[in-house]
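Reviewing the structure listed below.
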Amino acid sequence: MSSSDSDHDRDHDRDRDLTSRSAAGLAAAVRSGEVSAREVVDAHLARIEALDGSVHAFLHVTADGARARADALDAQRRSDGPESLPPLAGVPVAVKDVLCTRGVPTTCGSRILEGWLPPYDATVVARLEASGAIAVGKANMDEFAMGSSTENSAFGPTHNPWDLGRVPGGSSGGSAAAVAAGFAPLALGTDTGGSIRQPAALCGVVGVKPTYGRVSRYGVVAFASSLDQVGPFARTVEDAALLLEAVWGHDPADSTSIPTPCEPILPGLERGVAGLRVGVVRELTEVDGIQPEVSAALEQAVKLLEQAGATLDSVSVPSAIYGLPAYYLIAPAEASSNLARFDGIRYGLRVVPGEPGSANAAAMNGATRHAGFGAEVKRRIMLGTYALSAGYYDAYYGQAQRVRTLIIRDFDRAYEHFDVLLSPTTPTTAFPLGDKVDDPLAMYLSDVCTIPTNLAGAAAMSIPAGLDGSGLPIGVQVLAPGLGEAVMFRVARALELGFGFAARARPGGPA
Amino acid sequence: MTPPEPSTPSTPSAPTTPSETDAPDTIEVGLDGHADGWELVVGLEVHVELATATKLFCGCANEFGQEPNTNVCPVCLGLPGALPVLNELVVEYALRVGEAFHFDVPAQSVFARKNYFYPDMPKNFQTSQYDEPICLGGHLDVDGVRITITRAHMEEDTGKTTHVGGGGRIHDADFSLVDYNRAGVPLLEIVSEPDIRSSEQAKAYASELRATLEAIGVSDVKMEEGSMRVDANVSVRRRGSDGFGTRTETKNVNSIRSLGRAIEYERARQIEVLEAGGRVVQETRHWNENDGQTHSMRSKEEAYDYRYFPEPDLVPVAPTPEMRAAVRAAMPELPAARRDRLVAAWAITERDAAALLGTPGLADYAEAAVSALEALEALEALAVDGARGGSPRDIVNWVNGEIAGHLNETGSSPAALSLAPAALAELVGLVAAGTISRNQAKDVLGEALADGRRPARIVTDRGLAQVSDESSLGSVIDGILAANADAVAEYRAGDDKARKKKRGFFMGEAMKALAGQGNPQVLNRLLDEKLEGNG
Amino acid sequence: MSELTREQVRHVAKLARLDLSDDELDRFTGQLAGILDHAARVSALDTDGVPPTAHPFPMVNVLRPDVVKPSLDRDEVLACAPDARDGRFRVPRILEDEA
Ligand SMILES: [Zn+2]
């Protein structure tokens, strides 16, 4: 074995070590000088380079920008000392391609935005930068965040790092897969009906949907404005809290941003669950087609929390079963309006039909939208347009908004007796690619447990709860009332300790 | 179930076919001055651009006439991800409008999205208010008649398209160019009930509305520049009938005068259609100032489906008692009160006062000039032989006469005049003091309006000052009488006719000697004294 | 509640400014009917007297001061456009009755 080979092996071991560490661990190592930010970034970029060809977690890797940012942080440490470094200095992060990044392609997984370079940063992207975290790339997603498998990306699906023949979930499948595959310890996603929690469950990572209004939506390309919320992915509960605390808080550029101060999560993270009342939501546990191993994992979660001193009981949220139908009226309705701006005039794709010079503006709009949007986006635009149209508004959109009120009331009643609620995150583990593409309704059903939280505007997160018989991750969901992130994370941390989930995806085979 | 009707159309749209029995036996002359058995029904939809520093939902400057696409940002360009935040001054302005027109201001109002595609709308929906507007049920009294104002709501303006090729006509154009500087500029839409029965009344309503909006400082209300746009919903019905005819909506009316013409045109056109057995088509029509006609723009055969729903990116506006009290406390004088005050204080006619209030900025201009005149006279009263006598009425005569005429000709606004209010006061002072005659003053005013010089300066530059000094004028007359002793004798012996002729001759000689700058009043008096009496 | 016809789907596509192929029309008609059937379950709930929820967290009067902020650079804005000319966005001719 030549010396260069052994150098190579040592570098390889070091890279693997860095890419399996937590964000908290990496930030501490960079601060202490054990490693440089540049080494951390290079290790992750090398892993992306080596393995993303088979996972396809990224639509765009910002290698040069990430290295330059890492070098700048290392220089800052040398000149101003370790104390000058922001909290997440040197920690790589994957950013869902629905977040606007100035001068960096932002496609939302859609042909219609191919080549668009936003002239501004989303608030969360600016806050990420200020926290010292380093964006390594834009993560793949279902087109305009519409989907539960990332198969609706116009640029090809993401593969589940645990089994490349299966979906990673969606719509933030690229973000979940990136974290599971060790491409970054952290990722940002968005959750409109489960788009963070469902892929987190399917990829065996932690995924958090914060309270609506807690994280700014400014610069987040809208799917359903009254439901969309940005949140973190991480491999540990602590890391998820670190990232959430870096980006959340009031933003005057978002009118729906909640102005009240955020109760910090990290100080109470290890306080345990003794004395907490935990309710298991009957309607979200007894869903059709639930995989027995998923039910078993939930039962184990119940036991673990009881052992840790929590009081558990089952609780009914009767209107929760109407979450899915209400969601499939509200979200498409808002989307149909939000996506009207993609008309081939100001940015993105333009398709002009017919002979040159013969088309009018309307024909150009119609042809552009026909060519630029994928099937699922078209379906939802049609559904939403119909739900809002004259004669149907009250029966569809109006009724769904009233059902939303009932869901909020039912949750409020449940939280009179419980601090947090518990349910599976998804009825099943990751399904094979292509399995549900021709059956939209079956695909929608994989969000049945996550949707009610979005309608209520509350918080929820998914925690890895072991593997099924095929070695695929299972998730359990902790639900909390609005602004209840701190207690939700405490419960999640207790589950993390209890499950002791340490298995890692090996997308490159047993390396 | 459908949501409520968009934008509260001012006339129900169900067509009522006129039947023979609707016609009264005898045709009387209606309030509208017509005697053809038809009654006009008009409702006005007025859009005013609000005079804020920034747009409705973003910090871009709200400025007219900038380079295209320079006042744009992610929000007003509708870039993906951008979100609106409401301008607090717009809410304050809406509350002022609420006060001024006696609106009910509901506890809560919400924004809604009005969805339709058009290239001048960056998001392909307009953020507007729909079933919960900020103002409901107001009114405006016009010449003793109360016009009900259905509602006023906040909304955003669209961008501007320019059609290139095909002579600028939209259908024939080769392509269009879009400038989004105006996109997102705050508008208030004020919709009246179909309470208006004549074109004169429509003009009076629009004029009073404009004067009121001007008085409360919410808009510069320039119809020519489009900062106030008046659309007329016009229908006709048989006199005595209480149903409504099918209405048309006429747009592109650029002045109060055009509003009257457009309504009269539509009235006649609709009557002609109905009397020929046809039906009025519910549609939008475009007023053409040049041919004096309205032209069909688009048919509403297939009704729009705007798919309104509450704007999820904005929260409701709930005016607090504090917000409303602050607005109420700061309400300025409204036009009706101002007219009464000016009539009383300046001893002018109602008509003069109305004329002042009928042009934006004109009453402010006149008030500033009167203040300047009072200051001038206070100063001159301190001087030994300070001349006094200029009155507010003199100011008003100039303002409603020459100055209003000048504004009409040039399309300028009072604030933009090169003749400052103080300069007009100076001019009135010069006439009152006898320094120049009223005829000379007209010329001076013309020059001052043209080049901005002060009237006193023009008088000096042109050597216009009248000679009013009695001793100099007296010696000129003495010289003339002495040189024309025969004529003096003939005058004294002559009859009235001969005396008048000779007197004219003496006056002419005196003016000749004074190069036309003798003060005619003083000259006349001195001439009388010297011819008649002791001289 | 949902007797969705191909003609309705065509009309909705027109409202949404979305050209659809005949194939897509057929497929969407069936799929949308299925989804609407499911969504129509919301009508099973008695919502008499229940107000609609537009915002999960009720807030009012979120306002900003009327203070000018910098606008975007025009070159940067127009660089995103598929077609621009004379400082403006260029579009094919507009039919007035498009709206
Ligand atoms: Zn702007």
Do you know which of [options] has the most heavy-atom pairs with chain C at a distance under 4.5 angstrom?
options	value
A:Ala367, A:Ser336, A:Ala400	A:Ala367
A:Gly115, A:Pro325, A:Pro118, A:Gly344	A:Pro325
A:Ser319, A:Gly398, A:Ala359	A:Ala359
A:Leu406, A:Ile408, A:Ile381	A:Leu406

Test item: [X] and [Y] side chains (from C-beta on) under 4.5 Å apart, heavy atoms:
X	Y	result
A:Gln399	C:Thr47	yes
A:Ser225	C:His55	no
A:Arg379	C:Phe28	yes
C:Met59	A:Ser255	no
A:Asn360	C:Ile94	no
C:Phe57	A:Thr256	no

*Under a 4.5 Å heavy-atom cut-off, does chain A meet the side chain of C:His38, its backbone, both or neither?*
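Both the backbone and the side chain of C:His38 come within 4.5 Å of chain A.
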*Please state whether the side chain, the backbone, both or neither of C:Asp48 comes within less than 4.5 Å of a heavy atom of chain A.*
neither
Please flag which part of [X] lies under 4.5 Å from any non-hydrogen atom of chain C: side chain, backbone, both or neither.
X	value
A:Ser337	neither
A:Tyr444	side chain
A:Thr211	side chain
A:Leu383	both
A:Pro119	both
A:Met382	both

Best-contacting candidate, [options], against chain A by heavy atom pairs under 4.5 angstrom:
options	value
C:Ala54, C:Ala79, C:Ala84	C:Ala54
C:Asp83, C:Leu78, C:Val50	C:Val50
C:Val62, C:Leu45, C:Leu15, C:Leu72	C:Leu45
C:Val9, C:Asp73, C:Leu18, C:Val91	C:Leu18

*Could you give me the CA-CA distance, side-chain angles and deciding distance for C:Arg17 and A:Asp343, then say whether side-chain contact (heavy atoms from CB on, under 4.5 Å) is met?*
CA-CA 9 Å; C:Arg17 200 58 67 85; A:Asp343 62 2; over 6 Å; no
Nearest heavy-atom pair of [X] and [Y]: which atoms, and what distance?
X	Y	answer
C:Pro56	A:Gly457	CB-CA, 3.6 Å
C:Arg90	A:Arg350	O-NH2, 2.8 Å
A:Ala326	C:Val42	N-CG1, 3.5 Å

What distance do [X] atom [atom1] and [Y] atom [atom2] have between them, rounded to the nearest 0.5 Å?
X	Y	atom1	atom2	result
C:Gln8	A:Ser389	CD	OG	8.0 Å
C:Asp46	A:Arg402	CG	CZ	10.5 Å
C:Ser43	A:Asp394	OG	CG	12.0 Å

*Can you check side-chain contact (heavy atoms from CB on, under 4.5 Å) on C:Val77 and A:Tyr347, steps first, answer last?*
CA-CA 9 Å; C:Val77 165; A:Tyr347 38 77; over 6 Å; no
_Please determine whether the number of non-hydrogen atoms from other residues, nucleotides or ligands lying under 6.0 Å from atom CG of A:Asp439 exceeds 12._
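Result for CG/A:Asp439: enclosed.
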*Dump the intermediate steps for side-chain contact (heavy atoms from CB on, under 4.5 Å) on C:His11 and A:Tyr386, then the final yes or no.*
CA-CA 9 Å; C:His11 172 72; A:Tyr386 182 75; over 6 Å; no
*Is the closest side-chain donor-acceptor distance between A:Tyr120 and C:Glu76 under 3.5 Å?*
no
